[in-house]
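Accompanying notes for the structure given below.
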Protein chains: 2
Amino acid sequence: MYKNHTTAELDEVIAQSVQAFHQYKKFSLKQRADFMRAIAVEIEALGDVLLTTAAEETNLPLARLTGERGRTMFQLNAYADATEGGDWLGASIDTANAERVPPKPDTRKMLVPLGPVVVFGASNFPFAYSTAGGDTATAFAAGCSVIVKAHPAHSKTSTLVASAIEKAAEKTNMPKGIFAHVYGSGFETGEHLTKHEAIKAVAFTGSFSGGKALFDWANQRENPIPVFAEMGSVNPVFLLPEKLAEETASLAKQMAGSVTLGVGQFCTNPGLMVAIDGAPLEQFLVDLKNEIEQIAPSAMLHAGISANYSEKLTAALAQKGVEVVGETSSQTTDIQGKVTVATVSADVFLANPVLHQEVFGPYSLIIKCKDKDQLLAVTKAMEGQLTCTLMATKNDINAFQDLLSEVREICGRLIFNNVPTGVEVALSMQHGGPYPASTDSRFTSVGADGIKRFARPLCYQNMDDEFLPTELQNANPLNINRTINNVLSKDKI
Amino acid sequence: MYKNHTTAELDEVIAQSVQAFHQYKKFSLKQRADFMRAIAVEIEALGDVLLTTAAEETNLPLARLTGERGRTMFQLNAYADATEGGDWLGASIDTANAERVPPKPDTRKMLVPLGPVVVFGASNFPFAYSTAGGDTATAFAAGCSVIVKAHPAHSKTSTLVASAIEKAAEKTNMPKGIFAHVYGSGFETGEHLTKHEAIKAVAFTGSFSGGKALFDWANQRENPIPVFAEMGSVNPVFLLPEKLAEETASLAKQMAGSVTLGVGQFCTNPGLMVAIDGAPLEQFLVDLKNEIEQIAPSAMLHAGISANYSEKLTAALAQKGVEVVGETSSQTTDIQGKVTVATVSADVFLANPVLHQEVFGPYSLIIKCKDKDQLLAVTKAMEGQLTCTLMATKNDINAFQDLLSEVREICGRLIFNNVPTGVEVALSMQHGGPYPASTDSRFTSVGADGIKRFARPLCYQNMDDEFLPTELQNANPLNINRTINNVLSKDKI
């Protein structure tokens, strides 16, 4: 339906984005924040057509989409507040000392934007991690212009959201080219954008293969650029002995809910559970099977994801030693995500790397360990994760300090007695983990700290106050936090 | 003189570094800081033998080496204070809200160390950016174990400093393996270390070819890791018209001093000057020639650097349109750095990429522009830089706002009426710039913010207060700054 952009058209879009960047970078924090808030208003103003279009393209229920739209608007508003608040700038000032030998210069530092950013949205979050999602919002916050490549799986939805951004840009007097929306069904569009010398950063949410391709293209450029790719993970949940014995049934209910939430189509879906074998685990499996069988089957986002899930599920279940515990039996649609939970021994898991891979959908594999040592060995064998979860009593935590020490090394978020699905939008959230969960564990794609992905420190040395950015001027006119001679305050100088 | 480590020996060193990391990461901020301060004490305790050894290996004068030793100790102490201060942790807390639908979890985030770090020191700073230099200090601050590859050009000096670190480690009860010092004359040692799966980050100060090789190896790993390589730059100095006319002689004196400081062997050496042609520039060149000819010739760090300088200088001067303005004529030693300044027209500079390259040594090329537009074109054609300097009056700055906007995009530090040589150790310093000045412009290798290169955020969700790291506990026992529900304070909860 949408005409793919030609290479020449993409170059034109990029040239406009560069021009817009050089204007936008001079806009105040308040102007950026007002633009972001205006986008939220315009998204809401699109009304029900946005929800029905998204529902048609993604098979997601209206209630979920309504919630996700709210989350998207919340993100824009929350990040706008953070932008204006200015803490993210990391402003610091060291004043001069002419008496010192050699004289100490006046140095002042704050984050400045990287330049035009390309955003590749997620298929599973048509609003919150797509066109006007967290990546776009944080790039605008940082002071960057943005080019979004529409996700082919929901290009109508993306186009509607793009129109909201364009309206907001017009209403808040943003420079032409501050935002662009491009189409391309193959990988060539993404490759051309990522390799273009004027593009200064890339954000991506999706598969490992997609994220890795962008990362490689970006690093092989004559001038490499940062790529933040959030590529998902299997999000292991450790069911520790006392907790498992004391709350078997409720844990089964909780885990069944988390595995099947959104038809398992979340980056934080718990694709692995790890426990020590024994009677409590056997009871948990019985309870989990019962829970799973009660869950109504649902359609996945689109035929491609469903086919991919079926294929990976079939491959996973075909591995020696993997036994199905429970699954949905009824068939309601061709692109249904068949909920499936299976078990495997730790011995087999440790020997078979196929079982470590993500099966994107409502699937989870329970690893039965002989003892604590084997549970630790399984943990050490795991790749980088977005999240690790400990279902644990206080006694369990005390007894499993070695495990706690290990899981800390492999994830970005460590959860206690909560499910991994549900990523709170908050400054203290970390969404991103050691590779391959994301391409740089030092950054997050959720929460206002995500702004830092698109900015770099610039130090002004010995500059007259009147020419300094407002943020660094003596009078602190924006009343932001700054570290002055190593002490954080809102003081004037 | 020093036996190169074999691959098997390197693997053993790495295994010990991993073990040490898992203990060290649990050490308190105070324990880390005490270790760092103890290193400073032990470096001083080495006494004069350290200075004389370094002088013998590097040809640097004792006064400079004494100063650099002081700087190294200052860095260790200043970063130790910053480590304990805790601002760098970026601690943030969002408290739970059970009434919200869905319930809002308690999330708390802070930086945690990446893991074992490999440091490649600089040839031109045998103390401050070598074995116990800024990279090692900030990696220890972050909670990482460190493996330093001794620089072959000053391995005796490096070995002495390593002994000081080892003594400090012993005295402060650090785990065995917290620091290791390895030798290798070829690139194979660096390659093996960088490609080893247990190594989690690399820091480097040196040439573009060296830094780029590490960057590529690190990105091509099965699990890519961050590399912070500071690879130097030509650090353009813009001599704006009014300033040039008003302070011709003093600018010439200042620039001659900066070009020749340390025989031009600084990453921030001004390798380019840019000005609009005319009488003031002609006078400046006369004055600069006179200044240069008065400077006593000196030996470079070692024969390799001297040969490299001669080769690159010869190549630069052989380019069509390049004219020598002044040079030292006397010859005192075979490895002397011949001070040379030359001019070229902006037309030629724009057409010849060879002239954009760094000539590491006491050389600077002055670009003569026809007018303001051409000066801007020259700026836009420049690669990423550590620093850009504007020699400018207030009228100049007002008249050259376009230039100000452009230089901001190509450097990490923007200097006004100061020389680029001299990198202040301060929180507000940025040492690192757009590629190829460094491999990630979002980080610095000077100042306490350098710690952030070796750490990543970890979010704890819903964890009992007693099990949280001290930094995130309700009572704020360390009295550090934390952002609680979006407000920065030292409050308890």
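Proteins come first, then strands; the chains are lettered A, B, ... in the order of their sequence lines, and each starts at number 1.
Considering every non-hydrogen atom in both A:S441 and B:P457, the closest pair reads O-CD, 3.4 Å. The two residues B:R456 and A:I410 come nearest to each other via the heavy atoms NH2-N, 4.3 Å.
Contact check for B:E466 versus A:K394: side-chain heavy atoms found under the 4.5 Å cut-off. A:R442 is listed as a side-chain neighbour of B:D440, based on a closest heavy-atom distance under 4.5 Å. For the pair A:L488/B:L488, a side-chain contact is recorded, criterion being any heavy-atom separation below 4.5 Å from C-beta on. When side chains are defined from C-beta on, A:P436 counts as touching B:N223, because their heavy atoms get closer than 4.5 Å.
Contacts of B:R100 with chain A are made by side-chain atoms alone, with heavy-atom separations under 4.5 Å and no backbone atom involved. For a residue to count as touching a neighbouring chain, one of its non-hydrogen atoms must lie under 4.5 Å from one of that chain's; by this rule B:N481 touches chain A with the side chain only. Contact of B:L427 with chain A is made through backbone and side chain together, with heavy-atom distances under 4.5 Å. With a threshold of 4.5 angstrom between heavy atoms, B:T483 approaches chain A through side-chain atoms but not through N, CA, C or O. Looking at B:P113, the atoms closer than 4.5 Å to chain A (heavy atoms on both sides) sit in the backbone and in the side chain alike.
How far CD1 of A:I415 is from CG of B:N462: 9.5 Å, rounded to the nearest 0.5 Å. Here B:L390 contributes atom CG and A:M463 contributes atom CE; the two are 7.0 Å apart, rounded to the nearest 0.5 Å. The CZ atom of A:R413 sits 11.0 Å away from atom CG of B:L458, with the distance rounded to the nearest 0.5 Å.
Looking at residues two or more places apart in sequence or on another chain, you find no salt bridge (Lys or Arg N to Asp or Glu O under 4.0 Å) involving A:E383.
Interface check for chain B: of the options A:C459, A:S92, A:G433, the most heavy-atom pairs under 4.5 Å are formed by A:C459. Most heavy-atom pairs under 4.5 Å with chain B, from the set A:Y460, A:F215, A:F467: that is A:F467. Highest contact tally toward chain A, considering only B:G85, B:A426, B:P224, is held by B:P224 [criterion: heavy-atom pairs under 4.5 Å]. Put simply, of A:K25, A:R108, A:Q220, the one with the most heavy-atom pairs under 4.5 Å next to chain B is A:K25.
Pairs passing the salt bridge (charged side-chain N to carboxylate O under 4.0 Å, His left out) check and including a residue from residues 83-98 of chain A, sequence neighbours excluded, read A:R37-A:E84.
Taking non-hydrogen atoms and a 4.5 Å limit, the residue list of residues 443-455 of chain B in contact with chain A, ordered by number, reads B:F443, B:T444, B:D449, B:K452, B:R453, B:A455. Near-neighbour residues of residues 397-409 of chain A relative to chain B, defined by a heavy atom under 4.5 Å from a heavy atom of that chain, comprise A:I397, A:N398, A:Q401, A:L404, A:S405, A:E406, A:R408, A:E409.
Atom NZ of B:K380 sits in a sparse spot, with 12 or fewer heavy atoms from other residues, nucleotides or ligands closer than 6.0 Å.
Remark: the B:S428 side chain and the A:T107 side chain contain an N/O donor-acceptor pair separated by less than 3.5 Å.
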Query raised in the report: Going through the checks in order, is the side-chain contact (heavy atoms from CB on, under 4.5 Å) test met by A:K109 and B:M429?
Result: CA-CA 7 Å; A:K109 184 170 71 169; B:M429 177 49 58; over 6 Å; no
